[in-house]
Every structure is written in structure tokens, then in C-alpha cells.
Amino acid sequence: MLRTHLRRRLLVIGALPAVAGIALLVAYPVVRTVYLSLTSWDGASAPKFIGTTNFRDITGQGGDLWATVLRTIRFSLVATIGVMVIGTLLAAALSAGIPGARFFRVVWFLPMVVPVSVSGVYWVNAFQPTTGLSNYLLGKVGLGTTHAWLADPHAALYVTSFVWVWISTGFAMIIMLGAMNGVPVEIYEAAEMDGCSVLRRFFSITLPVVRPTLATVALLEIIFTFNGFTLIWAMTQGGPGTSTQILPVEVYRQAFINGNYGAASAQAVVGGVLLLLVSVVMTRFIRSSSGSGRARAGLFRRRANRSALAAGQGIT
Amino acid sequence: MSATLSTAEPAAAAVMATKTRPSRNHRRSVWWWLGFLLLVVWTIGTIFPVLSIFLLSVRGTQDVYNHPLGFSGALQWGNYSEAWNGAPGGTAFYHYLINSVVSVVAAMLIAIVLGTVTSYALVRNTSPGKTPLLLRVFVIALVFPLVVLVIPIFGLLDQAALLNSPAAIGVVYGVLACPTVVLITYSAFLEFPEELIDAGNLDGLSEWGVFLRLVLPLNRGPIAACLVLTMIFVWGEAQLGIIALQQAQSKTLAVGLLGLQGQYFTNQGVLFSGLALATLPILVVYLIMQKFIVRGLALGGALR
């Protein structure tokens, strides 16, 4: 009796500070942003309630919300697909135990450790016309040295996506490696004895088993890229023109440069809702595919699931 | 991209095969070589930019332009002192460095203390096999993008007169990193043998005594992982930093670097020594602690 009572008290006291912190710095801001999106606010005087005017303004004529959203989605998709494809490949190689796996693992995670602003500034220099690394290399193979990658409105978004892939692939690789290592060797051995080809083993065993993890990592990458402010700001500040102006950059501009906090909040709300929808859909997918993955591979133990990230697990 | 997809995955499978049957696989297929090529390219592509930052940091402007990888040119160590003390009219780099250290230490303290205490409380209060409601709340907190939070957090810091305070922004980062720490340590504590806790209780230790003397010391690995992940996150974070740290001397490295581009354009080498100074501390920590990161991420880490 006393013991359970004590434990309850422990729970309340122990969890209280963290809960209070999350309430103050996550829950309150979310509610506040929704409220601010319905106001006109210059950041100094009191916010003035104006209903849905902000939303009508940003979606209507002259507002560029949809262009920004589309741009964000394009940045996010290109970057996420790149990260997933390369990350899966690298993880598969590591889990196959290629020689020097430890070394490769450490090296491939390196870009994730370098501060994003450093990577941003480095790659801006690398993509400079004439003097940058990219054109230096292109020049060596005779493809011309003068292309101004980041000044080209058609290329800039892809260049920044590429740098995102460079940064984040190591993260995806590490998590997928955890899931792949959770697949017992016996299954591969049994499949091999049954005469399964290498390709067959990868597609029929590895991929189904790690599919929930793949989906989780993809979801995380989408969330990360929707937050890709630092990289874009370090590289292009949204330019040239608005060609790399993704949502968080636009929100920052509206609020902290133009002093238009209401409209900025409205944009943030749209972004948040969009991300929430994606999360819900993908979480459903993770849940269903973790079921089918288990059925197809014949096993899916807690251990393997654990490395599918508590994040993904918790949402499901 | 789809072309990469179709060639990449068979290649991965081919690479996987080499370990499982090394003796029989004498004839290596095209896929194997393609996969191998990608690994080599990716390895070069990840090492050289990082290496280049350090090589270019000791070069003069002409050498930076002529040899963008940094392998040739005269050594120019003066770049570092110039970056350290700041260009005329610019901000000295040591301000950024001190601010980064202050915010990282504050964040690590807050995240670790709040996070571990919370997850221990959760572990001790839920029946096995159940996911506590609070854990779900923390996961949901992770999903909200920073872009939804920045404006109100800016308002809060403003009201509390804590703008331009690296320590305050460190505390904010610490709280934001809390859910990640809870997810990692919750998984770790869940596997902590209950018999040990009971034994501790029998020896007269209170719940918190068990936590401090048994659970924490025996979970050094996951806790180290949380510390490193928090450090990487805070060291590189600039989205909140750029709005909260507006005075030049209050900026952290990540924020200060965003304004560095135009500042030193007469001497490219100094720009790179700035980048090197910002990278070196976190790089050293990473290389020492890298094995914990892998384990920590496997336990459920997700950086914001």
C-alpha cells in the first residue's frame, strides 16, 4: 500500500519539471501561435484580433503561401529520397560486415556532427563559380568552370537539397543499421540454403523487416527538412529571388524582418498542420507495415522494433 | 533519382552477399562493383569537405581560390589569430566560442537532469508492456516543428528580459531536447534489472537513492549518448538562436557563422579558420564518444 503510494508521489514529483518545461516551451507556444495567426501584431503593441484575415491574405492574390508550401515540399521530397536511398545502401553495406565497417560508420556520420551553419558556408564556397570546388572538379573533366550554381533559380533548390543529403544521410544510415542488425543471421542462412539469390534476400527479408524503420526515418527526415532553416539561411537566405524560400525561412522573414508576426504565425500554422497530417498518414503506414513485415519475414522481435526508434514506436 | 534507386538497392544486396559467403563468391558481379564504387565515392565525399575546412583554414586567399581542396599552398597560421580576435569592426571569435560553450553546458544540464528523472519516474510507475501516456506526450512534443514555436518563445524570452542571453537559450534548448533524452533513457531504464532495485531497497536506499547510486552509474552509456546528442544539437542550432541572440557579442558559433559570409571577404582563409574553430570542439567530442551515439540512436534518439 505504502509502496504504491510512494511511487505515485515519485512520479508526480519526478516528472513535474519536465512536464512544466514542455508545457511552457512547446504546448503554450503552439496554442499561442494559433492565436497569433488570428491577429494583426507588429511585435510591440498588443495583438489585434482580426479573425481569418491573415489566412485569406496569404492564400489569396499577392500571397505566396502555396508557392512556398510547394517549394518546401519539393525541397523536402528531393532531400528525403536522396537520404533514404543512399542511407539504406550504406546501412546494408555496413550490416553485411564489409571490411573496415567501423571506420566507414564513423566517417559517414561526420557531416551530421559538423554544425549546419559550417556545412552551409563551406558548400556555398564549394559551389562558387570559377573558384569553387564543384566547378574545379567539373573543369578537370572538361565540363566548364563558370556555372553559378547558387545564383541559378532553377538549380539553387536542388543544390541545397544535395547539401541536406550530404548532412543527413549518416543519421538515416545509423538508424537503419540498427534495424538491419536486428535481423537474425539464421534467417539469411536459411534463405541461402533454400537457394535464395542475393537480390531476393535483400528484397524479401531485409526490406520487409526494416520497412517500419524506413518509414520512421523518412518521417523524421521530412520533419527535419521542414525545419531546414539554418541550412537555407547559411547558403542562400531564400534566394536567388524566392527560389529557395522554404516555409521556416518565409516565417522568419515575415516575423523578424518585416515585423508581421500575425501573417508569419498563419504560415507557421499551415506548415504545422501539414506536417501533422503527414505524420498521421505515415504513422498509420508504419503501424500497418510493421504488421505485414512481421508476417512476411516470419518474425519481428521487440529488439528489431526497438531500433525503429522509440519516436516512431511512441506515435504508433 | 529513380535511376539511382533501381541500381542502388541490388548493389547493396550484392555488397551484403560478400560477407555471408566469401568463399563461394569468386566472381563479383557488376552490382558489387557499382555498390563498392558508391561506398568509395561517399567516403571521399564525406571526408574531404571536412578535411578541406581544416586545410583551407591555413591558406591565403589566392591558394583558396586556386586549390579549393586545400592541398597546396603556403601555410598561413595567422588566419587563426585573425579569426580569434576578429577582423576590424567584426566580432572576435572567442565571444562566439564562449557563448556556445555556455549554452551547451546549460542545455546538457537541463536535458539530462529533467530527462533522466522523468524517465525513471515513468519506468517505476508503469506496469510492464504498457506505454505510459506521458511518453506519448513527449513524442508528440517532438513532432511539432520549431517553426511553430519560435515566435512565442521569442515573446517569452523578451518578456523575461532574457534575449541576448546564451545561458537562457541553452535552458530552452535543454527543455526542447528533453523528450529525446526521455525516449533514450526510458528504453534503457526499462531493461534495468528489477532485482537490483529491490536489493537496493533492502539495503535501505530510498527510490531516489537507488536512482542516484545504482541506476544512473550503471546506465552511463545511454546517458553519455544523450549528452553527446544534446551537444551536437545545441552546438549547431541557429533557428532559435538567430532570433534570440541579436547582439553581436551574445551570439553562439552557429549563429555568428551565419553572418560571417560577407565579413571577411578580403581573406578567404580567415573565413575557413572560423569554420574550423567552430567544428573542432564538436568533432573531437564526437570522435571520442562516437560509439555511444550509435547505441543511443538505436535506443530511440531523434534530434530536433
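Just so we're on the same page: letters track the sequence lines, and every chain starts at 1. Below, all heavy atoms of this structure are taken into account, side chains as well, without hydrogens, waters or symmetry copies.
- Minimum heavy-atom separation, B/Ile232 to A/Val113: CD1-CG2, 4.1 Å.
- Not counting sequence neighbours, the partners of B/Ser57 by the side-chain hydrogen bond (donor to acceptor under 3.5 Å, both in side chains) test are B/Tyr80.
- Using bins of under 30°, 30° to 60° and over 60° for the plane-to-plane angle, the ring pair A/Phe256/B/Phe154 lands in the perpendicular bin.
- Among the candidates B/Ile243, B/Ile47, B/Val50, the residue making the largest number of heavy-atom pairs closer than 4.5 Å to chain A is B/Ile243.
- Within the 4.5 Å cutoff, side-chain heavy atoms of A/Tyr252 are placed close to those of B/Ile242.
- Put simply, the side chain of A/Phe229 does not reach to within 4.5 Å of the side chain of B/Leu146, judged on heavy atoms.
- Chain A forms the most heavy-atom pairs under 4.5 Å with one residue out of B/Val117, B/Val171, B/Ile151, B/Leu283, and that residue is B/Ile151.
- Of the listed residues (A/Tyr261, A/Trp123, A/Trp166), the one with the most heavy-atom contacts under 4.5 Å to chain B is A/Trp166.
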(request) List the steps, then state whether side-chain contact (heavy atoms from CB on, under 4.5 Å) holds for A/Ile22 with B/Val175. (result) CA-CA 7 Å; A/Ile22 295 296; B/Val175 172; 4.3 Å; yes
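- Taking 4.5 Å as the limit, every side-chain heavy atom of B/Leu149 sits out of range of all side-chain heavy atoms of A/Leu25.
- Heavy-atom pairs under 4.5 Å with chain A peak, among B/Ile282, B/Leu287, B/Leu253, at B/Ile282.
- Considering A/Leu275, A/Val278, A/Thr283, A/Ile223 as possible partners of B/Val143, the one that fulfils the side-chain contact (heavy atoms from CB on, under 4.5 Å) test is A/Ile223.
- Chosen from B/Ser52, B/Gly236, B/Pro152, the residue pairing most often with chain A at heavy-atom distances under 4.5 Å is B/Pro152.
- Both the backbone and the side chain of A/Pro17 have a heavy atom closer than 4.5 Å to some heavy atom of chain B.
- At a 4.5 Å heavy-atom cutoff, the contact between B/Leu156 and chain A is made by side-chain atoms alone.
- Of the two parts of B/Ile110, neither the backbone nor the side chain holds a non-hydrogen atom closer than 4.5 Å to a non-hydrogen atom of chain A.
- For B/Tyr186, no part lies near chain A; criterion is any non-hydrogen pair under 4.5 Å.
- Between chain B and the options A/Gly21, A/Ser37, A/Pro115, the largest number of non-hydrogen pairs under 4.5 Å is found for A/Pro115.
- For A/Leu36, the part sitting under 4.5 Å from any heavy atom of chain B is the side chain, from C-beta outward, and nothing else.
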(request) Using the side-chain contact (heavy atoms from CB on, under 4.5 Å) rule, take A/Ile174 and B/Ile293 through it: C-alpha gap first, then chi angles, then the decisive distance, then the call. (result) CA-CA 9 Å; A/Ile174 292 268; B/Ile293 294 181; 5.7 Å; no
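- For chain B, the option among A/Leu110, A/Leu177, A/Val116, A/Leu276 with the highest count of heavy-atom pairs below 4.5 Å is A/Leu110.
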Which donor-acceptor pairs under 3.5 Å do side chains of residues 100-108 of chain A form with protein atoms, sequence neighbours excluded?
{"residue": "A/Arg105", "atom": "NH2", "partner": "B/Gln290", "partner atom": "OE1", "Å": "3.0"}
{"residue": "A/Trp108", "atom": "NE1", "partner": "B/Thr43", "partner atom": "OG1", "Å": "3.1"}

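- At least one side-chain heavy atom of A/Val118 sits under 4.5 Å from a side-chain heavy atom of B/Ile53.
- For chain B, the nearby parts of A/Ala264 are the backbone and the side chain; heavy atoms of each come within less than 4.5 Å.
- Considering only heavy-atom pairs separated by less than 4.5 Å from chain B, the leading option among A/Trp233, A/Phe226, A/Tyr35 is A/Trp233.
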